[in-house]
Amino acid sequence: MGISGLWQLLSPAGRQVSIATLREKTLAVDISIWLVQFLKAMRDENGDLIPGAHLIGTFQRVCKLLYHRIKVVMVFDGGIPALKKRTLLKRQQRREQESVKLKNT
């Protein structure tokens with residue numbers, strides 16, 4: 001998801017910083033990205049989703065930031081823009097087509 005090519009566009013101005021440099025600062029976070037990351041990444045030994053993974057992962061990450069005295073502002077971006085809805089619909093259709101192909105083979 002996201003904006004195609006955004007990181008490439010921003011890369012000349014972007015730089016990595018250590019977490020220590022953010023001490024006593026306020027950090028705005030697009031929380032939806034975190035939630036999706038944890039739902040995809042946090043699995044048990046069988047590969048099944050850990051119940052509440054999105055909450056556990058977000059809590060742990062916020063705790064780490066608070067430990068470093070970083071204030072966290074969670075941004076919830078609201079509804080899905082029309083262009084993104086079309087992109088999501090195309091992805092869903094492509095997944096369904098792939099699923100049908102797999103079932104037919």
CD (Glu24) with more than 12 external heavy atoms under 6.0 Å: yes
Side-chain donor/acceptor of Asp30 to backbone N/O of Ser32, under 3.5 Å: yes
Short side-chain to backbone donor-acceptor contact, Arg15 and Ser11, under 3.5 Å: no
Nearest-0.5 Å distance that lies between atom OG1 in Thr26 and atom CD1 in Ile70: 10.0 Å
Check against side chain to side chain contact (heavy atoms under 4.5 Å, CB included), Val73 and Leu27: CA-CA 6 Å; Val73 175; Leu27 181 68; over 6 Å; no
Closest heavy-atom pair and its distance - Ile56, Met42: CG2-CE, 3.9 Å
Heavy-atom pair with the smallest gap, counting every atom of Asp44 and Ile50: N-CG1, 3.8 Å
Criterion side chain to side chain contact (heavy atoms under 4.5 Å, CB included) on Leu88 and Arg91, from CA distance to verdict: CA-CA 5 Å; Leu88 292 174; Arg91 288 179 186 165; 4.1 Å; yes
Interatomic spacing from CD in Gln97 to CD in Gln93 - rounded to 0.5 Å: 7.0 Å
hydrophobic_cluster_shared for Val75 and Leu35, side chain cutoff 4.5 Å: no
Thr21 side chain to Ser18 backbone, donor-acceptor under 3.5 Å: yes
Test log, rule side chain to side chain contact (heavy atoms under 4.5 Å, CB included), inputs Lys64 and Ile19: CA-CA 10 Å; Lys64 181 175 183 177; Ile19 198 165; 4.1 Å; yes
Leu66-Met74 co-clustered via ILVMFWY side chain contacts under 4.5 Å: yes
Leu49 versus Leu39, closest heavy-atom pair with distance: CD1-O, 3.3 Å
Cationic N near anionic O, under 4.0 Å, Lys101 to Glu98: yes
Linked, directly or transitively: Val29 and Val17 (ILVMFWY side chains, under 4.5 Å): yes
Separation between CD of Gln60 and OH of Tyr67, rounded to the nearest 0.5 Å: 15.5 Å
Heavy-atom closest contact (His54 atom, Phe38 atom, distance): CA-CB, 3.8 Å
Exam field: side chain Ser99 to backbone Glu96, donor-acceptor pair closer than 3.5 Å: no
More than 12 heavy atoms of other groups within 6.0 Å of Arg69 CZ: no
Side chain proximity check, Gln37 to Arg61, heavy atoms < 4.5 angstrom: yes
